[in-house]
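Residue numbers start from 1 in every chain, and the chains themselves are labelled A, B, ... in the order their sequence lines are given, proteins ahead of strands.
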Amino acid sequence: MLISVYRYDYKKDLDYKMQDYNVNPDDCSGVMLLDALSFIKDNLDETLTFRRSCGEGVCGSDAMNINGKNGLACVTPLSKFSDSGKVVLRPLPGMPIIRDLVVDLTNFYSQYRKVKPFLLNDDSISYEAENLQSKEDRDKLDGLYECILCACCTSACPSYWWNPDKFFGPAACLQSARFVFDSRDNKTRERLIDLDDQFSIFRCRTIMNCTYVCPKGLNPAKVISELRMEMLKHKI
Amino acid sequence: MTIPEHSFDAIIVGAGGAGMRASLQLAKAGFKVALVSKVFPTRSHTVSAQGGITAALGNVDDDNWLWHMFDTIKGSDYIGDQDCIEYMCRNAKEVVYELEHMGMPFSRLENGKIYQRPFGGQSKDFGKGGQATRTAAAADRTGHALLHTLYQQNLKCNTTFFNEWYTLDLVKSDNGTIVGVVAMCMETGELSFLRGKAVILATGGSGQVFQSTTNALINTGDGIGMVLRSGFHVQDMEMWQFHPTGISGSGVLVTEGCRGEGGYLVNADGERFMERYAPNAKDLASRDVVARSMSMEIREGRGCGPKKDHVHLKLDHLGEDVIKTFLPGVRDLSRTFANSDPIRTPIPVVPTCHYMMGGIPTNKFGQVLSINTNGSEAIVNGLYAVGECACVSVHGANRLGGNSLLDLVVFGKAAGDHIISNFGNFDNISLVKDSNIGAASERFFKWNARKGRISVSEIRREIKKVMQSDFGVFRTGNIMTGGLKTLRQLRDSLMETGLSDKSLSYNMARIEGLELDNLMSVAVSAAVCANERTESRGAHSREDFPDRDDVNWLKHIIIDINDNIGYRPVNQKPSLVPPFKPTARKY
């Protein structure tokens, strides 16, 4: 199998180049694309650089652009490419590149911070018991809390490419909703008021790339429209 | 050479559950905290914990923290320290409620309380009242929910993050006080001295020494290596938990919660074999017991599949609703890594290295203990260790499921609190010399200077091979002796390694080299201790010494960087209740 990888080092290179590696999937320690990348690093080229951690799709480290579509290398089976015999790997689009497949996610994380991604609750806190939450209210967090911050969605979003400083991007919007819809949070109205500008969530043009690429099967585009509905409900 | 210096009240190395619980405690109290992590915090391995966090909340069934304490001591096969286990179980309820108040999205019961499920090794009424239901859960993504919640709280409290900074070593002043760390910014490859009045190590486990492991690729025992190189000891390194249900082939974990929800293991004959090995607890016996039983089934030819090399975890009888509501992550993993949808077909599973019970010896405040040549214990000034890298010891020879997340938050918080209340006593005038900082930077230059031909991956592969074949579920003296010899040869051959990539920006080859030093330390210390302990206890199961030997071995083994062995007594003095005496361990 031919694995073609984007190579660039921000300290040394003026431009990128694509480098091809030939890998026999049977030589790899597992059946996923990450196993092939590890094989290259261990046996063919120590300089090839990518992030990785859990190896099972829950930490979000190894997000990259795989044959044009963002995804996680550790849950992408090599068998997917056996017909064509080729896979092209590039760093996540729309992000500054540090080295090879490693991008600078600083702006992605700072957009996340902007949505105040923590419970705001003024009630006097007693640790004698838990806050009660009905099953139905808890169900509202499903599809929101599972986000792994891999940045596949945000880096696939043309609206984010255009306004990365002002548009939150799908991942941060999803996290905004995770707290707006939490029955234990009592700053819902303030949170929604904070979203009331042309950019923060309204730059979403329902292009749906986010939903198309999310490796966890989440639907940020739908959640963004639900946030807008919630603003209407609160007459904001 | 001088390197830039940044000063903080406390430095925390590792941003998993334990590190972030500690930093939160300090940041909330207004301390200036640096959280140093080689990965962005939510990529830490806590994220992979699935089943839950154990606390006697009593939301589903009668419960009592003393029962939890008893189960944990029995689970530890009696070498858990009883004062520390008492402290953990007594504080469990409060720390879980705190997490809930922080916003952690626990699953819920009909009455709105936190959902709890049965887990292995849990009982009511000190083993006499049947299975308990004690593990609080957020579906099967409890670690993810916990880790993200703690990261979010740290954002709220303005912790200073050093994300993607790799800590090389502790900086130790001439009088033995720990005064900070030398760390490398991975993006630029530049070193800095991070000075702190206290350093908390929260570097997690080291499952990457085994070939087949549920652990993340980042779990390389960095804290263990640092402590050994600083001249201190590590403890109980022979104790490694093999989780019964790693997916065959990939090693990916599926939670014990599968069995808590009613799933069970079957062999090639379709027999629910745990009924034979543990007539009462069956599939919810302790992990060491279940892992051994599975290995026996496979060894005796009753394994499943064409190679008869695994057994089946059967869930299809639970129904689609239970699986989709409480085990959605497991379903995803099984479909991805085993090509099997548990709603219809069983998951192929095999015991897989999962957890390091041993680690850096500490007291219940997380303070690291050093052992002098005369055997007396002393506290290492300025150094704490929490979470999986620490050996408090609350897990002894075998950890119970759900106690790991609990350990993280209880002792992460305790270490934070201890620093807060003793801050005035920290030795802040201790002189740091350039030579101290130089000693902690040494490894960076050593790896740069090496010109050998052996690659890092080659040695790492060999370490994993030896650990897997010679120090697995079943162990035997002569095999382990050979294994240790090979590991020592590998340690010598470290001198003949070299990096072909010496660039500065995000050089993962250099990181993997630095990690290799730590993997090596972990593997050798584990091998020495496993050879040393001539009995079977908990996860350490020797075919040449099949019985537990309380006369000679009711004690911890400690080891230093020169492979010198020592012993520490097990604490059997809880403060509120009489001690639990060792008895035969049956499930």
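- The shortest side-chain heavy-atom distance between Pro117(A) and Leu155(B) falls under the 4.5 Å cut-off.
- Most heavy-atom pairs under 4.5 Å with chain B, from the set Lys12(A), Glu136(A), Lys116(A), Met32(A): that is Met32(A).
- Contact annotation for Val102(A): only side-chain heavy atoms (C-beta onward) come within less than 4.5 Å of a heavy atom of chain B.
- Counting all heavy atoms, side chain and backbone alike, Tyr10(A) lies closest to Ser505(B) at CE2-CB, 3.4 Å.
- For the pair Gly103(B) and Asp182(A), the tightest heavy-atom approach, listed with the atom from each and the gap, is O-OD2, 4.4 Å.
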Full working for side-chain contact (heavy atoms from CB on, under 4.5 Å) between Arg108(B) and Ser134(A)
CA-CA 7 Å; Arg108(B) 299 289 171 156; Ser134(A) 70; over 6 Å; no
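- For the pair His148(B) (side chain) and Glu146(A) (backbone), a donor-acceptor distance under 3.5 Å is absent.
- Formation of a donor-acceptor pair under 3.5 Å by the Arg138(A) side chain with backbone atoms of Gly112(B) is not found in this model.
- With chain A as partner, the option from Pro105(B), Ala216(B), Ser107(B) having the largest number of non-hydrogen pairs under 4.5 angstrom is Pro105(B).
- Of the two parts of Arg52(A), the backbone and the side chain both hold a non-hydrogen atom closer than 4.5 Å to a non-hydrogen atom of chain B.
- Considering only heavy atoms from C-beta on, Gln152(B) comes within 4.5 Å of Tyr112(A) through its side chain.
- Lys156(B) NZ: more than 12 foreign heavy atoms inside a 6.0 Å radius.
- At a 4.5 Å heavy-atom cutoff, the contact between Leu109(B) and chain A is made by backbone atoms alone.
- Residue contact with chain A, scored on non-hydrogen atoms closer than 4.5 Å, involves the backbone of Asn111(B) exclusively.
- Checked for salt-bridge contact, Glu187(B) and Arg99(A) miss the test: no charged N lies under 4.0 Å from a carboxylate O.
- At distances below 3.5 Å, not a single donor-acceptor pair connects side-chain atoms of Glu46(A) with backbone N or O atoms of Ala509(B).
- Of the listed residues (Ser61(A), Gly55(A), Gly217(A), Cys150(A)), the one with the most heavy-atom contacts under 4.5 Å to chain B is Ser61(A).
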One pair to check against side-chain contact (heavy atoms from CB on, under 4.5 Å): Tyr97(B) and Asn131(A). What are the steps and the verdict?
CA-CA 8 Å; Tyr97(B) 289 153; Asn131(A) 296 302; over 6 Å; no
Can you check salt bridge (charged side-chain N to carboxylate O under 4.0 Å, His left out) on Lys464(B) and Asp42(A), steps first, answer last?
CA-CA 14 Å; Lys464(B) 284 165 169 278; Asp42(A) 289 353; over 6 Å; no
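- Put simply, of Arg461(B), His45(B), Glu94(B), the one with the most heavy-atom pairs under 4.5 Å next to chain A is Arg461(B).
- Heavy atoms closer than 4.5 Å to chain B are found in both the backbone and the side chain of Thr47(A).
- Thr49(A) OG1 to Asp501(B) CG: the interatomic distance, rounded to the nearest 0.5 Å, is 6.5 Å.
- Between the side chain of Tyr506(B) and the backbone N or O of Asp100(A), no donor-acceptor pair lies under 3.5 Å.
- Interface residue Leu149(A): backbone and side-chain heavy atoms are both found under 4.5 Å from chain B.
- Contacts of Lys41(A) with chain B are made by side-chain atoms alone, with heavy-atom separations under 4.5 Å and no backbone atom involved.
- Looking only at side-chain heavy atoms (C-beta outward), Ile114(B) and Gln133(A) stay at 4.5 Å or farther from each other.
- In summary, Glu130(A) and Lys113(B) do not engage in a salt bridge, as defined by a charged side-chain N under 4.0 Å from a carboxylate O.
- Minimum interatomic distance between Leu253(B) and Glu56(A) (heavy atoms only, all atoms of both residues): N-OE1, 4.0 Å.
- Residue contact with chain A, scored on non-hydrogen atoms closer than 4.5 Å, involves the side chain of Leu333(B) exclusively.
- Applying the 6.0 Å contact sphere to CG of Asp165(A) captures more than 12 heavy atoms from other residues, nucleotides or ligands.
- In terms of heavy-atom pairs under 4.5 angstrom with chain A, the leader among His144(B), Gln211(B), Met508(B), Met104(B) is His144(B).
- One distance of note links OG of Ser53(A) with CG of Leu217(B); it measures 7.0 Å at 0.5 Å rounding.
- No side-chain donor-acceptor contact under 3.5 Å links His101(B) to the backbone of Asn121(A).
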Between Arg141(B) and Tyr145(A), is a side-chain contact (heavy atoms from CB on, under 4.5 Å) present by the stated rule, with each step listed?
CA-CA 10 Å; Arg141(B) 303 188 181 98; Tyr145(A) 85 97; 3.2 Å; yes
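- Between the Arg43(B) side chain and the Arg51(A) main chain, no donor and acceptor come within less than 3.5 Å of each other.
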Audit row: Lys11(A), Thr188(B), side-chain contact (heavy atoms from CB on, under 4.5 Å) steps and yes/no:
CA-CA 9 Å; Lys11(A) 284 213 178 197; Thr188(B) 61; 4.1 Å; yes
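- Neither the backbone nor the side chain of Leu144(A) comes within less than 4.5 Å of any heavy atom of chain B.
- Within 6.0 Å of atom CG in Asn339(B), 12 or fewer heavy atoms from other residues, nucleotides or ligands are found, so the atom counts as exposed in its surroundings.
- Contact tally against chain A (heavy-atom pairs below 4.5 Å) for Lys93(B), Glu458(B), Gln153(B), Glu512(B): the top residue is Glu512(B).
- Contacts of Leu120(A) with chain B are made by side-chain atoms alone, with heavy-atom separations under 4.5 Å and no backbone atom involved.
- Classification of the Tyr109(A)-Phe40(B) ring pair by plane angle, with boundaries at 30° and 60°, yields parallel.
- The number of heavy atoms from other shown groups lying within 6.0 Å of NZ (Lys222(A)) does not exceed 12.
- Heavy atoms from other residues, nucleotides or ligands lying under 6.0 Å from NZ of Lys465(B) number 12 at most.
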